[in-house]
Amino acid sequence: MGNISLNISKAFGFVSEEKVAAYESQVKACNEMLHNGSGKGNDFLGWLNLPSSITDAELSDIEETAHSLRSRCEIVVVIGIGGSYLGAKAVIDAFSNSFDWLQRDRINPVVVYAGQNIGEDYLYELTELLKDKQFGIINISKSGTTTEPALAFRILKKQLEDGVGKAEAKNRIVAITDESRGALRTLANQEGYKTFVIPDNVGGRYSVLTPVGLLPIAVAGIDIRQLVAGAVTMEAICGLDTPFAENPAAQYAAVRNELYKTGKKIEIMVNYHPKLHFVSEWWKQLYGESEGKENKGIFVAAVDFTTDLHSMGQMVQEGERTIFETVISVQSPNRRVDVPHDAADLDGLNFLVGKRVDEVNKMAELGTQIAHIDGGVPNLKIELPSLDEFYLGQLFYFFEKACGISGYILGVNPFDQPGVEAYKKNMFALLEKPGFEAETKAIKAKL
Ligand code: PA5
């Protein structure tokens with residue numbers, strides 16, 4: 001079994017190899033700051049050794065709870081926002097059939113999401129869908145006070161209790177939250193729900209390898225042990241003892257900071273595999289929320305190629321030259337489709353007969369890489385031998401470790417998110433929440 005790999009050679013026409021190599025001592029210092037807890041945000045470093053410290057008993061508890069939900073529910077609603085849902089959604093989408101909804105004879109419950117928006121129509125349609133279904137809820141909130149999931153849970157809890165009664169609803173609700181604090185912990189204790197703890201020292205966007213990600217993933221029938229095993233190997237690969245040139249997290253952190261310094265202020269995460277869309281969404285939260293502070297940080301965006309080559313492709317190729325791209329490339333597809341012969345050949349595609357569809361995709365990828373480099377877009381490439389749990393586990397840990405190092409190089413605290421509070425304060429003031437009287441008055445004066 002190989003490992004995922006990072007290739008930064010196609011950035012060297014834009015930044016020099018020497019300049020990237022010169023980050024070695026700074027990266028080493030940043031990596032040490034993470035491991036000895038001497039840097040900013042050092043009370044949120046629990047993710048660092050999470051893969052290697054998860055016990056067999058913890059995994060079994062998650063698997064047993066998943067089994068209980070799977071046996072009772074056709075649909076499981078995962079309630080959460082940000083780090084409390086993106087990791088689970090990324091993995092579940094990566095390993096689910098693209099036409100999941102239409103699959104007959106399912107063995108896995110359908111996983112749907114709520115609390116990741118405040119869409120009234122969305123919630124209406126969800127409650128309509130659930131009306132004649134056996135459903136359960138995994139309610140995830142580290143703080144236990146986030147408005148979006150709390151609102152969704154209030155609505156769905158009532159619907160579940162009205163439908164199956166309080167006693168059975170209790171068997172179908174699992175809460176994942178802080179060990180002792182917050183409204184969700186109080187509620188879960190009062191109602192007697194099965195609970196899992198999000199460790200104090202693991203922030204939301206670093207929590208995919210805690211029950212936050214692992215329980216919904218296990219409910220969807222995906223192998224959480226392989227996911228963790230992949231992360232364990234990457235934890236070792238990105239460790240303190242690995243030389244700079246062989247440590248992919250160190251290399252990625254260094255090269256993106258050097259690109260940023262030279263004016264490449266936007267990083268687009270690119271995939272050529274539609275199932276990876278939400279891996280990029282997860283990555284966007286990780287890097288955007290970790291680095292975008294103190295009026296600095298690379299702006300992170302994501303595109304799905306070749307789809308978005310027909311929309312954003314123009315901008316990437318010829319827009320302002322402030323972009324670099326990081327491509328997640330999957331070497332081998334899991335399924336095979338060959339291009340068939342067509343006697344009329346009206347579409348002119350007979351030259352592809354006998355080739356696999358993935359060969360066409362790979363040439364689109366290579367052609368795009370060359371065009372982008374020619375057009376002034378540096379290219380970083382992360383290669384996965386195939387799309388499976390083990391390599392996705394590696395990818396998650398690689399990105400987390402690189403993010404911690406990269407944030408420290410930038411000089412920010414990669415583990416807080418003070419800016420997220422600004423909209424919440426205004427929203428509560430506008431909704432006239434008790435305790436916000438002064439803010440209500442002040443904000444109304446601005447309207
Ligand atoms: O990374 C973070 O900590 C945040 O983005 C959270 O994931 C998000 O705000 C959800 O918070 P909570 O799980 O407390 O409801």
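Atoms within a ligand are numbered from 1 in the order they appear, just like the ligands themselves.
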Using heavy atoms and a cut-off under 4.0 Å, could you grab the residues that are in contact with ligand 1, chain by chain, numbers ascending? Ile81, Gly82, Gly83, Ser84, Ser141, Lys142, Ser143, Thr146, Gly204, Arg205, Gln285, Glu289, Gln417

Fit a plane to each ring of Tyr252 and Phe398, take the angle between them on a 0 to 90° scale, and name the class: parallel (under 30°), tilted (30 to 60°) or perpendicular (over 60°). tilted

Name all residues meeting the ring pair (Phe, Tyr, Trp, His ring centres under 6.0 Å) criterion together with Tyr397; count only those two or more places apart in sequence or in a different chain, and write none if there are none. none

Shortest non-hydrogen contact from Ile92 toward Ile222: CA-CD1, 3.7 Å

Considering residues at least two apart in sequence or located in another chain, which fulfil the ring pair (Phe, Tyr, Trp, His ring centres under 6.0 Å) criterion with Phe305? Tyr272

Should we count CZ of Phe95 as having more than 12 external heavy atoms under 6.0 Å? yes

Sorted by chain and residue number, the ring pair (Phe, Tyr, Trp, His ring centres under 6.0 Å) partners of Phe324 (sequence neighbours excluded) come out as none

